[in-house]
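Working notes, structure below.
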Amino acid sequence: MRTEIARAVKAHFERRMKESLPRYALQQRTTYGQVYRASLAAKNCYVHLQLTRKKDDERFIVELAASDGDFPWDYVLGSPFNVRDGNMRFRLPELFREEWQSRGTESSWWCVGPWTSARDRLKTLLSAGSRGLSKREVVPSEQLLPLVAPAVDDAFQKLVDLGIPFIEKFASTGSLS
C-alpha cells in the first residue's frame, strides 16, 4: 500500500475507534497496521487493522483476537476461527463469509479504489501480466484518497455490528456459540 494511502486508512480507522469504541485503546503501531486492546474481566480483546505490504495494492483487513495475554501473533489464520487454549484469532470477514462469497469474491480484503472487490483488483493485475501495471493503469493517490473513508467505514460498520459483539461474547463465555 502506498504510504499516503496507508496513512489515510490508519488515521480514519483510528478516528472511528476513538469515536465509537473508546474502550479499545491503541496498543501498537506498525508499518503495516495498528492493534487496539480492551481488557474485559476474563480476557483481552484485540482489533488489528492490517494493511497489505504490496506497493500499489491498496487493500486492508481487520482481524480480531481474544487472549489471556498479548495479541496471539503465532495463531495461524488457516481455519476460519483459530481457537487454542481458550484464546482465539480470526479475520472479521469470516463472520459474513456467505455475503462476500455470494458476490463471487475470493478475497475478503477491503479495497481502496474503483474496484468492487479484491478480485476485480486481481484481474487488473493479472491482465497486466509480467510487465506490471503501467503508470497510466495505476490510479493516482489523489484519486484514491477520497475513497479511503467509504472503505474504512464499511469495514468499521461490520466490526461494530458483527465483530465486537462476537469477540466480546467469546471473551466472556469462552464459547463460539
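Since the structure is predicted, the reported quantities are computational estimates derived from the model, not experimental observations. All values below were derived from every heavy atom in this structure, side-chain atoms included, with hydrogens, water molecules and symmetry-related copies excluded.
- Closest approach of Pro150 to Pro146, counting heavy atoms only: CD-O, 3.4 Å.
- Considering only heavy atoms from C-beta on, Phe90 stays 4.5 Å or farther from Tyr75 through its side chain.
- Here the side chains of Trp73 and Val35 are in contact, with some heavy-atom distance below 4.5 Å.
- Between Pro93 and Ile61 there is a side-chain heavy-atom pair separated by less than 4.5 Å.
- Ile164 and Val83 end up in the same hydrophobic cluster when Ile, Leu, Val, Met, Phe, Trp and Tyr side chains are linked at under 4.5 Å.
- At least one side-chain heavy atom of Glu168 sits under 4.5 Å from a side-chain heavy atom of Leu40.
- Heavy-atom contacts from other residues, nucleotides or ligands closer than 6.0 Å to CZ of Arg84 number more than 12.
- Note: Thr3 OG1 to Leu51 CG = 10.5 Å, rounded to the nearest 0.5 Å.
- The pair Lys158-Asp153 does not meet the salt-bridge criterion, since no charged nitrogen lies less than 4.0 angstrom from a carboxylate oxygen.
- More than 12 heavy atoms of other residues, nucleotides or ligands sit less than 6.0 Å from atom CG of Asp68.
- Nearest heavy-atom pair across Leu92 and Ala155 is CD2-O, 3.7 Å.
- Residues Val152 and Val112 form no side-chain contact, since every pair of their non-hydrogen atoms from C-beta on lies 4.5 Å or further apart.
- To the nearest 0.5 Å, atom CG of residue Leu95 and atom CG of residue Leu159 are 10.0 Å apart.
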_Derivation of the side chain to side chain contact (heavy atoms under 4.5 Å, CB included) call for Phe13 and Val47_ = CA-CA 11 Å; Phe13 194 86; Val47 174; 3.9 Å; yes

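- With sequence neighbours excluded, no residue forms a side-chain hydrogen bond (donor to acceptor under 3.5 Å, both in side chains) with Arg37.
- Under the 6.0 Å cut-off for aromatic ring centres, Tyr36 and Tyr46 do not qualify, their centroids lying 6.0 Å or more apart.
- Pairing each heavy atom of Tyr24 with each of Cys45, the nearest pair is OH-CB, 3.4 Å.
- In summary, Arg29 and Glu14 engage in a salt bridge, as defined by a charged side-chain N under 4.0 Å from a carboxylate O.
- The shortest side-chain heavy-atom distance between Asp57 and Met1 does not fall under the 4.5 Å cut-off.
- Using modelled atom types and a 3.5 Å distance limit, the side chains of Asn44 and Ser67 yield no donor-acceptor pair.
- Using a 4.5 Å heavy-atom threshold, the side chains of Gln50 and Arg91 count as touching.
- Here the side chain of Glu58 pairs a donor or acceptor atom with the backbone of Arg2 at under 3.5 angstrom.
- Here the side chains of Phe156 and Leu21 are in contact, with some heavy-atom distance below 4.5 Å.
- Test Glu63, Gln27, Gln28 against His48 for side chain to side chain donor-acceptor pair (under 3.5 Å) and you get one pass: Glu63.
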